[in-house]
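Computed from a predicted structure; not experimentally measured. These numbers come from the heavy atoms of this one structure, side chains and all, not from hydrogens, waters or symmetry mates. Order of the sequence lines sets the chain letters (A, B, ...), proteins ahead of strands, with each chain counted from 1.
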There are 2 protein chains.
Amino acid sequence: MFKSKDKIYLSCNFCKRSVMDNLKNATDSSTEEKIKNAARTVFHKKGFAASRTRDIAEEAGINLALLNYYFRSKEKLFVLVMIETLTEFFGSVSVIINNPETSFEEKIEQFAAGYIDLIFREPDIPLFIMSEIRNNPEQLLQKVDIRNTVFNSVFTCQFNEAVQQGKIKDQNFIHFMMNFIGLIVFPFIGKPLLKVISGLTEEQFNALIEERKKLIPVWIKAMMNSH
Amino acid sequence: MFKSKDKIYLSCNFCKRSVMDNLKNATDSSTEEKIKNAARTVFHKKGFAASRTRDIAEEAGINLALLNYYFRSKEKLFVLVMIETLTEFFGSVSVIINNPETSFEEKIEQFAAGYIDLIFREPDIPLFIMSEIRNNPEQLLQKVDIRNTVFNSVFTCQFNEAVQQGKIKDQNFIHFMMNFIGLIVFPFIGKPLLKVISGLTEEQFNALIEERKKLIPVWIKAMMNSH
DNA sequence: ATTTATTTTAATCAAACGATTAAATAAATT
DNA sequence: AATTTATTTAATCGTTTGATTAAAATAAAT
């Protein structure tokens with residue numbers, strides 16, 4: 001029991017192999033990938049506590065025992081999904097905010113549009129991350145170095161330069177990032193509530209968010225010069 | 001078994017008594033109030049699925065059976081907590097945004113400051129509402145008429161007046177509300193993540209949010225005139 | 001003082017759930 | 001072809017968990 005598979009997939013916390021190696025090795029049609037995709041879907045939608053391993057197995061079209069054979073436990077499978085999700089979610093930012101070719105303003109536009117597109121493809125991710133990280137923040141977040149991604153970025157440098165050159169007013173970078181990310185992400189997090197409040201249909205609401213790709217950069221620039 | 005208590009506390013969905021009547025009747029020290037407060041704490045912190053009725057009973061300092069005696073089931077207790085939470089959370093807005101004495105700008109300031117204070121007292125509420133409502137939005141939200149509270153408010157009228165009088169540019173009210181609420185609420189929802197990203201301590205982070213009471217109105221006004 | 005009603009508890013049930021086992025089948029290796 | 005290794009399944013184990021029961025303790029009423 002738990003032979004070679006065990007070494008590859010379950011020792012990721014201890015062995016030298018990175019999660020990314022495992023990702024590359026697995027084909028989309030392979031059983032472990034099927035299970036992981038199913039787990040992703042179910043966890044994202046319901047969260048850890050409300051997800052049943054039987055539901056994940058059914059979603060993957062396999063037996064419950066197989067899930068435990070590959071991933072040993074619900075929790076280990078969850079951690080794997082969480083790492084992949086965080087990596088995807090913050091990795092895609094990294095490309096945009098570290099592009100040396102684009103200006104500060106261009107990055108703001110690309111960031112807003114790119115992120116809204118990303119969340120449109122997987123709208124459950126923001127609420128999933130926020131609510132699951134609440135339980136054990138440091139344990140889950142230490143696996144993906146988000147802080148470094150954000151603070152040592154070209155984007156951050158360009159922000160500081162713009163302040164020094166007097167192009168934008170001097171202001172707290174954390175406030176700026178909170179506002180920027182909040183404007184992008186909040187409509188997705190608050191969607192169920194906001195739909196009821198606004199009385200909009202799914203399509204109307206999505207159209208509104210689509211508009212925000214253009215609007216958020218305008219708003220953010222106005223905010224930056226309002227102090 | 002399930003005698004007079006039953007009629008009062010468990011038939012709230014069917015009988016003529018409102019939830020508010022029950023609230024008034026119960027003293028803070030009474031057993032049912034102790035249970036409800038404990039349920040509130042646990043549900044707010046962990047969400048429905050991760051909360052155990054045994055934990056709630058322990059938090060309340062009573063036996064598990066007593067919880068079911070008073071509230072009949074975990075789910076009924078949860079619905080009660082959710083209604084109270086929504087009522088409190090959106091009721092407190094109502095006072096501010098329907099005050100006929102204050103101007104549009106004053107309401108923005110009071111709304112921001114008042115809401116940040118409210119969430120400071122109960123910081124788990126925003127994420128609790130967002131994540132729990134995702135599962136059955138209409139069922140939970142139909143119990144509190146939020147849409148009416150927002151759209152038929154003095155605040156909404158004053159917004160429309162300001163647009164007509166050319167004081168602010170013509171813009172989508174839904175966008176405006178999403179931005180406004182998002183700026184207030186998102187730092188609390190994203191707190192675990194934002195703390196790690198920023199590297200700030202609890203106190204530093206709270207101080208930052210405190211600043212936002214003054215900053216958000218400034219930002220919002222800048223945004224409103226940026227189209 | 002006795003009955004009646006209410007409040008509280010310990011013990012336990014039944015279903016749900018995560019995990020395991022052992023056995024069967026398929027694939028790969030020698 | 002024989003043997004080992006990998007994949008898949010049915011059956012089931014042990015806990016957890018929501019809910020119930022019956023009875024004890026307390027309070028209220030007659």
Using atom names, set out every protein N or O paired with an N or O of nucleotides 8-10 of chain C below 3.5 Å, distance rounded to 0.1 Å.
unit_1 : atom_1 : unit_2 : atom_2 : d
C:dT8  : OP1    : B:T31  : OG1    : 3.3
C:dT8  : OP2    : B:T31  : OG1    : 2.9
C:dT8  : OP2    : B:Y70  : OH     : 3.4
C:dT9  : OP2    : B:N63  : N      : 3.4
C:dA10 : OP2    : B:N63  : ND2    : 3.4

* Separation of C:dT20 P from A:F71 CZ (nearest whole Å) -> 15 Å
* Pairs involving residues 180-201 of chain B, ordered by first then second residue, that meet salt bridge (charged side-chain N to carboxylate O under 4.0 Å, His left out) (sequence neighbours left out) -> B:K191-B:E202, B:K195-B:E202
Which pairs would a plain distance check flag for residues 173-182 of chain A, meaning a side-chain donor or acceptor within less than 3.5 Å of a matching protein atom at least two apart in sequence or in another chain?
unit_1 : atom_1 : unit_2 : atom_2 : d
A:H175 : ND1    : B:R212 : NH1    : 3.1
A:H175 : NE2    : B:E211 : OE1    : 3.0
A:N179 : OD1    : B:R212 : NH1    : 3.0
A:N179 : OD1    : B:R212 : NH2    : 2.6
A:N179 : ND2    : A:H175 : O      : 3.2

* Asked: Which residue pairs pass the side-chain hydrogen bond (donor to acceptor under 3.5 Å, both in side chains) test with at least one member in residues 91-100 of chain B, sequence neighbours excluded?
  -> B:S94-B:N98
Listed pairs, N/O of protein and of nucleotides 14-18 of chain D, under 3.5 Å:
unit_1 : atom_1 : unit_2 : atom_2 : d
D:dT17 : OP1    : B:R52  : NE     : 2.6
D:dG18 : OP1    : B:S51  : O      : 3.2
D:dG18 : OP1    : B:K74  : NZ     : 3.1
D:dG18 : OP2    : B:T53  : N      : 2.9
D:dG18 : OP2    : B:T53  : OG1    : 2.8
D:dG18 : N7     : B:R54  : NH1    : 2.8
D:dG18 : O6     : B:R54  : NH2    : 3.3

* Could you list the residues that satisfy ring-ring contact (aromatic ring centres under 6.0 Å, His included) with A:F89, not counting sequence neighbours? => A:Y115
* For the rings on B:F186 and A:F186, is their centre-to-centre separation under 6.0 Å? -> no
* **d(CG, A:D55; C1', C:dG18) in whole Å** => 13 Å
* To do: Write out all pairs satisfying salt bridge (charged side-chain N to carboxylate O under 4.0 Å, His left out) with one or both partners inside residues 126-135 of chain B, taking only residues at least two apart or from two chains.
  => none
* **Sequence neighbours excluded, every pair satisfying ring-ring contact (aromatic ring centres under 6.0 Å, His included) that has a member inside residues 192-215 of chain A** => none
* Would you list the pairs meeting salt bridge (charged side-chain N to carboxylate O under 4.0 Å, His left out) in which at least one residue belongs to residues 114-128 of chain B, sequence neighbours left out? => B:R40-B:E122, B:D117-B:K213
* Structure fact -> side-chain hydrogen bond (donor to acceptor under 3.5 Å, both in side chains) filter on B:N152, not counting sequence neighbours, yields B:N148
* To do: Give DNA chain D the dot-bracket treatment, 5' to 3': Watson-Crick (N1-N3 with N6-O4 or O6-N4) or G-U (N1-O2, O6-N3) under 3.5 Å, [ ] crossing, | other strand.
  => ||||||||||||||||||||||||||||||
* Sequence neighbours left out, what pairs pass side-chain hydrogen bond (donor to acceptor under 3.5 Å, both in side chains) with at least one residue falling in residues 53-66 of chain B? => none
